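Quick caveat: nothing in here was measured; it's all calculated off a predicted structure. Here is how names work: the chains are called A, B, and so on, in the same order as the sequence lines, proteins then strands, and each is numbered from 1.
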Amino acid sequence: MIMHEKLGICGEKQHVIILLLIQVIVILLMGILMTYGPVARPNVQRNHSMYQDIHVMIWIGFGFLMTFLRKYGQSAVGLTFLVGAILVQVAMLCEGVFNIEKNGKAPLSLESLLSADVAVAAPLISMGALLGKTTYIQLIIMGVIELIVYTINKYIGEHHFVAVDAGDSMYVHAFGAYFGLAVSFMFGMKEKPKENSLEGSSYNSDIFAMVGTLFLWLFWPSFNSAALKGDEQHRAIINTLLSIAGSCVVSFAVSAFVSKQSKFNMVHVQNSTLAGGVAIGTAAGMMCEPVGSLMIGSAAGMISVLGYKYLTPLIQKHLRIHDTCGIHNLHGMPAILAGLFGALFAGLATEADYNDSLYEIFPARIPGLGPNLTEINENYRLSLKPGWNRSAGQQAAYQLLALAVTLAVAIVSGLITGFILRMPICGNIAEEQKFDDIVLWEFEDENVVCEISAVSKDGRSSRATEQISMGYI
Amino acid sequence: MIMHEKLGICGEKQHVIILLLIQVIVILLMGILMTYGPVARPNVQRNHSMYQDIHVMIWIGFGFLMTFLRKYGQSAVGLTFLVGAILVQVAMLCEGVFNIEKNGKAPLSLESLLSADVAVAAPLISMGALLGKTTYIQLIIMGVIELIVYTINKYIGEHHFVAVDAGDSMYVHAFGAYFGLAVSFMFGMKEKPKENSLEGSSYNSDIFAMVGTLFLWLFWPSFNSAALKGDEQHRAIINTLLSIAGSCVVSFAVSAFVSKQSKFNMVHVQNSTLAGGVAIGTAAGMMCEPVGSLMIGSAAGMISVLGYKYLTPLIQKHLRIHDTCGIHNLHGMPAILAGLFGALFAGLATEADYNDSLYEIFPARIPGLGPNLTEINENYRLSLKPGWNRSAGQQAAYQLLALAVTLAVAIVSGLITGFILRMPICGNIAEEQKFDDIVLWEFEDENVVCEISAVSKDGRSSRATEQISMGYI
Amino acid sequence: MIMHEKLGICGEKQHVIILLLIQVIVILLMGILMTYGPVARPNVQRNHSMYQDIHVMIWIGFGFLMTFLRKYGQSAVGLTFLVGAILVQVAMLCEGVFNIEKNGKAPLSLESLLSADVAVAAPLISMGALLGKTTYIQLIIMGVIELIVYTINKYIGEHHFVAVDAGDSMYVHAFGAYFGLAVSFMFGMKEKPKENSLEGSSYNSDIFAMVGTLFLWLFWPSFNSAALKGDEQHRAIINTLLSIAGSCVVSFAVSAFVSKQSKFNMVHVQNSTLAGGVAIGTAAGMMCEPVGSLMIGSAAGMISVLGYKYLTPLIQKHLRIHDTCGIHNLHGMPAILAGLFGALFAGLATEADYNDSLYEIFPARIPGLGPNLTEINENYRLSLKPGWNRSAGQQAAYQLLALAVTLAVAIVSGLITGFILRMPICGNIAEEQKFDDIVLWEFEDENVVCEISAVSKDGRSSRATEQISMGYI
């Protein structure tokens with residue numbers, strides 16, 4: 001009965017058609033737009049190893065981190081797989097549009113693949129807010145729209161504001177988080193978030209989620225440093241390791257501190273331990289010094305746990321924003337912290353501290369146009385207009401501007417996207433179908449009758465006999 | 001009772017003796033044959049990182065991919081571990097025999113380890129067809145024979161036909177798949193494959209299998225490009241990523257399309273999503289263009305899902321070939337596609353398109369012998385006889401010849417091997433022992449009585465009280 | 001009831017305070033002591049990829065290897081995460097103290113991060129002996145003390161004895177194992193180890209543990225070679241792969257050989273398969289020849305399985321040393337073997353065999369001080385005093401001395417540490433709380449009544465109705 005009602009609603013043939021259509025359009029555009037780029041510069045070797053680290057973070061990291069739900073593990077890892085695979089192609093096309101060369105084609109290289117993986121993180125973060133509450137085609141359409149807006153926003157930030165964001169904390173984490181929360185707000189406007197008995201973990205689902213947490217935690221230094229070079233890259237590895245180590249320790253401590261019985265909470269351990277990777281992202285290549293990195297990571301861990309404990313319930317109650325994975329605590333707030341911290345260290349940056357690397361990190365601070373600047377510029381990963389002659393304070397102001405614009409763009413485009421996703425063609429997950437793998441996956445035919453006796457904390461007892469399929473236990 | 005019958009049949013002391021004996025022979029041969037080779041050329045650095053990627057694919061990838069069976073997860077990962085560890089040594093010896101130098105020893109280097117890992121993939125693919133139906137010593141003896149034939153076939157293909165196969169789709173995937181299916185055919189001749197209630201997945205076993213799927217999917221670009229260099233390697237990474245992304249998306253779509261309720265099927269998601277990595281393997285380093293890679297990957301994903309849905313049941317019914325993991329759909333058909341696609345692109349290859357790299361990729365097309373060709377040859381990874389002056393069409397014909405010979409050799413040697421494995425000394429798994437970890441592993445002594453009530457789809461109900469050991473639940 | 005008693009004992013607010021305090025002290029010391037070092041030499045690229053391999057080994061490898069316990073998986077992976085994250089910072093400080101430069105600061109570099117990861121392995125090995133029997137703050141305090149002693153012992157071994165230990169088998173594995181066993185001895189003196197029904201595995205916990213085993217097994221060649229260069233590094237990769245492959249095969253074989261039903265045992269497969277990585281560690285860069293590596297690995301695998309089967313129960317019974325993960329068999333004995341094997345090959349090392357690399361590997365054998373030796377010295381990873389003019393025999397003697405001193409220091413400091421950990425401020429895990437995640441983690445509120453019927457082997461039957469929380473199943 002329960003099973004029966006659940007069938008045939010989510011999985012509609014028209015969604016399959018849309019999915020195939022999107023793939024066909026991508027193939028056509030790929031044929032029109034893209035060709036091989038030249039082999040990358042000498043640092044291709046380190047790049048390849050770092051690229052693979054990030055590749056693992058996106059699919060194993062995000063995919064398994066979201067398996068924590070009791071009965072949504074297959075969907076978490078499966079949807080990350082599908083959504084990531086289609087969006088990585090879309091991301092290449094979005095970036096390609098900005099890089100079309102004289103021959104009418106945009107070049108694909110190892111660096112494009114890296115950029116595309118990083119870009120895909122944004123919609124996967126947004127997906128964290130919506131996990132268990134959408135059809136797969138809603139997620140894919142959201143992702144396509146999000147990637148278009150993401151690319152434009154990042155282009156403005158990097159090329160017009162020339163704002164530095166080594167680990168993409170503003171462009172990916174803040175953007176992805178507030179975009180996703182805005183979409184969730186639009187869903188909440190339509191229907192108030194309700195309690196759902198499946199919205200919890202099981203013993204093994206929590207351990208699966210730790211696979212995701214650990215691979216994210218271990219490879220985050222690569223994420224924050226992959227696009228950098230030399231001294232800056234070296235610092236980014238060290239800073240990120242220290243920051244994320246700090247957030248790990250402080251998350252455990254604060255988790256036990258706010259617990260009645262001084263115990264750890266798996267949700268905090270799976271998520272808040274990573275907040276230090278986000279919080280150091282913008283300033284990762286700057287002279288934060290080891291102690292600065294540890295402090296920012298520790299602060300992020302603390303804020304993140306407190307967010308899970310106190311802020312998320314309030315946001316759900318008062319703003320009707322349901323946030324399945326708590327992305328506001330893992331990505332949203334730590335990313336704002338990252339933006340502020342980045343502006344602070346940009347404002348403190350002097351030539352004395354950074355030596356030659358000052359103009360590599362902050363090309364907009366190059367004193368003026370001149371023939372000898374070509375070389376400096378060539379070392380930078382983007383083709384920037386040098387010689388804006390900014391002061392440290394001006395650079396800090398542009399950092400803050402990039403943060404503010406990113407937040408505004410994310411929220412506005414997220415609200416519009418949420419509105420679009422409520423259209424009937426995208427389908428809809430009913431309340432009783434939420435957080436349930438049975439909506440998305442074929443299970444084996446042979447059924448088993450399970451008797452489950454549940455006694456809730458307040459003494460209410462219930463006994464249910466449910467007929468569930470074999471592969472489902 | 002059930003448990004009692006199952007004991008002591010698979011695990012025989014004589015199998016332990018055979019296993020130890022094989023290891024002793026390997027040690028002796030290693031002492032006679034192998035020594036350290038010189039440190040590899042400058043690309044050792046990228047090689048090491050790619051080598052580790054492939055190392056992870058073989059043991060984590062194959063091992064966990066095969067954990068999808070409800071009660072055979074420990075055997076899947078354990079047998080991959082054991083079989084891989086003994087066969088990687090055998091593979092080094094097999095390759096060593098072809099590389100003995102004047103001092104009577106064959107050199108071992110990082111490149112030998114890489115070749116050995118790639119070689120081990122072939123018997124692990126064959127194992128996929130037989131999973132749950134053999135003793136461990138059957139798998140190991142099969143692997144030893146298979147590696148000997150594999151090495152000879154690959155030598156002929158690379159040195160005599162000079163057929164290109166960057167990702168070893170013909171030499172590893174086609175060979176391993178049809179060898180394994182031929183062995184399974186010989187098993188089926190002896191005893192018709194029956195339905196087995198353990199031949200299905202459980203909720204968690206499907207998630208474990210996704211660990212394998214994802215690591216295979218993520219590192220496949222390294223698999224197809226590790227033995228290449230420069231532009232060719234760069235293209236192989238890009239082509240493989242696009243092809244395998246295409247097969248992922250199309251597998252999901254076709255899986256839902258052929259499903260009554262438009263739902264995804266875990267078997268397809270775990271396996272067919274990878275078909276694009278196989279299908280691009282032969283042509284990975286060629287000028288397929290991004291759009292060509294996406295198309296071949298998409299086609300492979302579609303064929304693979306349709307194979308699981310429609311072809312596998314037919315093959316089992318009419319040819320009595322039981323294929324536990326469906327290797328025909330993941331490796332067999334996509335590898336034939338790869339061979340054909342490789343021949344096509346070899347036939348289209350012109351000097352205008354490839355510039356200097358044409359003769360690096362297709363050394364048999366070098367116009368003629370001459371002193372200035374030494375340099376070109378030195379850049380190629382094998383010591384080939386250059387200057388065969390082939391046309392594009394001839395190269396394409398040799399590609400097809402290599403594919404045909406590989407298929408023929410695999411099937412004939414597989415049939416013979418299957419016959420050998422039916423000898424009593426290799427042991428035998430009885431019908432009621434199949435797909436069951438209890439045959440291979442010691443479980444804890446303390447037993448638990450479990451009551452399981454099962455109601456099958458057609459209304460038959462059964463109630464069983466089984467005494468199972470503690471570690472087994 | 002049972003649940004109730006278990007609450008509030010382990011998780012005390014004062015432990016949280018101690019944890020936060022340690023993190024604050026680390027931050028302060030990091031501010032006083034550490035700054036960025038110069039970018040490392042040209043081999044930074046390979047270093048980064050090997051560094052990440054080792055990073056994965058520490059947290060995924062150790063963390064998941066210890067998830068084998070039925071109800072302690074979350075603690076295993078969670079405590080490895082926490083303990084590793086705080087101790088990696090402490091390890092940086094410990095090494096930093098020995099590297100303070102003229103400006104009063106110690107430099108942090110990618111190589112420091114690598115050293116710190118390797119150092120953290122020592123306390124995580126010790127933790128294996130104590131798993132499930134301590135509070136988290138006991139583990140952290142143990143780790144801080146252990147890292148201080150570890151750093152001093154390794155400094156003496158490397159700088160005064162100039163003993164070679166490429167894979168840190170003596171300095172990390174032997175030290176960590178005997179330190180941990182000494183701590184466990186002190187715990188056993190206080191209270192005799194008892195049987196505990198939770199000290200076993202479940203079906204899925206054994207598969208989770210295999211994730212740890214495999215990542216350790218796959219990346220061990222990186223562990224043993226990361227600090228080396230050129231030919232020595234190349235040999236270390238090959239030797240380690242062969243040794244650990246040999247220990248894998250022989251562990252399976254011996255496991256089945258000592259089994260009544262000739263079946264494999266998961267404990268052996270999870271642990272003893274790795275013994276070859278430990279046993280080759282000291283001599284990894286030396287001229288062991290492939291056959292020597294295979295033999296040492298095979299011997300280690302055999303000794304390790306026999307240790308699990310026969311020695312561990314004796315040690316527990318007679319010495320009251322309880323060793324949860326059997327670190328004596330995976331790390332202790334194989335590390336002694338490594339030390340002896342390293343001394344043997346150091347004693348056999350001639351200039352004829354090693355060519356120029358003899359003095360790179362054994363700098364103490366450099367004939368005498370001279371201006372031309374500066375260059376040789378610069379190539380070595382540590383700033384050693386060259387020109388001690390040792391003979392091969394003398395070097396072998398110093399290798400044995402380093403082993404003996406390491407064992408003595410580990411045991412004495414372990415006993416003292418065990419005494420300290422018994423102080424009330426560190427807390428204490430009562431017998432009925434052992435090996436139970438419920439002591440450390442918050443589980444969800446909604447409770448479920450489970451009926452478990454158990455029939456033990458000797459016919460005793462028991463039936464329990466336990467009220468357990470939802471996330472706990």
Side-chain angles (χ1 to χ4, degrees), chain B residues 7-8 10-13 15-16 19-20 23 26-28 30-31 34-36 39-40 44-45 48-49 52 55-56 59-60 63-64 67 71 73-74 77-78 81-82 85-86 88-89 108-110 113 136 204 208 211 437 439-442 444-451 467 470-473, chain C residues 43 45-46 49-50 53 70 197 200-204 206-207 210-211 213-215 217-219 221-222 230-231 233-235 237-238 241-242 244-246 248-250 252-257 259-266 269 273 287 289-291 294-295 298 452-457 461:
Chain B
L7 306 180
C10 162
E12 305 219 19
K13 279 284 176 290
H15 293 170
V16 183
L19 175 57
L20 279 172
Q23 180 64 68
V26 167
I27 291 177
L28 289 176
M30 201 70 81
M34 310 301 277
T35 189
Y36 304 115
V39 174
V44 67
Q45 268 134 38
H48 179 263
S49 127
Q52 286 291 161
H55 214 45
V56 171
W59 277 272
I60 292 281
F64 276 88
T67 56
K71 277 292 161 210
Q74 298 190 359
V77 75
F81 194 17
L82 169 62
I86 184 76
V88 79
Q89 302 171 47
L108 266 185
S109 65
L110 192 52
L113 306 196
Y136 66 89
N204 282 326
F208 275 122
V211 174
D437 272 332
V439 176
L440 202 59
W441 300 95
E442 281 188 339
E444 283 175 46
D445 284 342
E446 191 154 6
N447 292 325
V448 171
V449 174
C450 276
E451 283 204 14
Q467 186 172 326
M470 199 64 175
Y472 192 59
I473 48 173
Chain C
N43 60 343
Q45 268 132 40
R46 180 190 281 188
S49 126
M50 287 195 162
D53 292 352
R70 191 179 300 148
S197 70
S201 62
S202 72
Y203 189 71
N204 282 326
D206 267 331
I207 298 180
M210 286 302 291
V211 174
T213 299
L214 284 174
F215 275 107
W217 193 85
L218 293 169
F219 290 152
S222 297
D231 275 332
Q233 185 172 47
H234 194 233
R235 275 198 297 272
I237 296 172
I238 295 170
L241 184 89
L242 288 170
I244 208 165
C248 174
V249 175
V250 172
F252 270 91
V254 178
S255 178
F257 197 81
S259 153
K260 257 188 301 184
Q261 305 163 351
S262 297
K263 293 181 178 186
F264 302 130
N265 186 304
M266 260 289 163
V269 168
T273 50
M287 298 293 254
E289 288 298 321
V291 64
L294 265 178
M295 286 169 68
S298 301
I452 297 165
S453 322
V455 182
S456 71
K457 217 186 166 189
S461 142

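- In plain terms, the two heavy atoms of B:N204 and C:N204 that are nearest each other are ND2-ND2, 3.4 Å.
- Both the backbone and the side chain of B:I27 come within contact range of chain C, each with at least one heavy atom under 4.5 Å from a heavy atom of that chain.
- In this structure, C:V291 and B:G31 approach most closely via the heavy-atom pair CB-CA, 3.5 Å.
- Proximity to chain B (any heavy atom under 4.5 Å) is restricted, for C:L241, to the side chain, taken from C-beta onward.
- Remark: C:D231 pairs with B:V39, C:R235 by the side chain to side chain contact (heavy atoms under 4.5 Å, CB included) rule, at least two apart or across chains.
- For B:V16, the side chain to side chain contact (heavy atoms under 4.5 Å, CB included) criterion is met by B:L20, B:Y136, C:A253, C:A256, C:F257, not counting sequence neighbours.
- Between the side chains of B:D437 and C:Y203, a donor-acceptor pair is found at a separation under 3.5 Å.
- In this structure, C:S262 and B:E12 have side chains that are not in contact, with every pair of non-hydrogen atoms separated by 4.5 Å or more.
- For a residue to count as touching a neighbouring chain, one of its non-hydrogen atoms must lie under 4.5 Å from one of that chain's; by this rule C:S255 does not touch chain B.
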Apply the test side-chain contact (heavy atoms from CB on, under 4.5 Å) to residues B:T67 and C:M210: give CA-CA distance (whole Å), side-chain angles for both, the deciding distance (0.1 Å), then the verdict. CA-CA 11 Å; B:T67 56; C:M210 286 302 291; over 6 Å; no
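- Around CE of C:M287, the count of heavy atoms belonging to other residues, nucleotides or ligands within 6.0 Å exceeds 12.
- Taking every heavy atom of both residues into account, C:V211 and B:I60 meet most closely at O-CD1, 4.5 Å.
- Closest non-hydrogen pair, C:I237 versus B:L110, comes out as CG2-CD1, 4.1 Å.
- In this structure, chain C has heavy atoms under 4.5 Å from both the backbone and the side chain of B:F81.
- Side-chain contact between B:I86 and C:F252: absent, with no pair of heavy atoms (C-beta onward) separated by less than 4.5 Å.
- Heavy-atom pairs under 4.5 Å with chain B were tallied for C:S298, C:A245, C:G246; the largest tally goes to C:A245.
- Atom CZ of B:F64 and atom CG of C:L214 lie 6.0 Å apart (nearest 0.5 Å).
- B:Q52 places a side-chain N or O within 3.5 Å of a backbone atom of C:L218 that can act as its donor or acceptor partner.
- The backbone N or O of B:S109 lies less than 3.5 Å from no partner atom in the side chain of C:H234, so there is not a single donor-acceptor pair.
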For side-chain contact (heavy atoms from CB on, under 4.5 Å), just list the numbers for B:M34 and C:L294, CA-CA rounded to whole Å, side-chain angles, deciding distance to a tenth of an Å, and then say yes or no. CA-CA 12 Å; B:M34 310 301 277; C:L294 265 178; over 6 Å; no
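- Within the 4.5 Å cutoff, the side chain of C:V269 has no heavy atoms near those of the B:Q74 side chain.
- Across all their heavy atoms, C:S259 and B:K13 have their closest contact at O-NZ, 3.1 Å.
- Across all non-hydrogen atoms, the minimal contact from B:H55 to C:W217 is NE2-CZ3, 4.3 Å.
- At a 4.5 Å heavy-atom cutoff, the contact between C:L242 and chain B is made by side-chain atoms alone.
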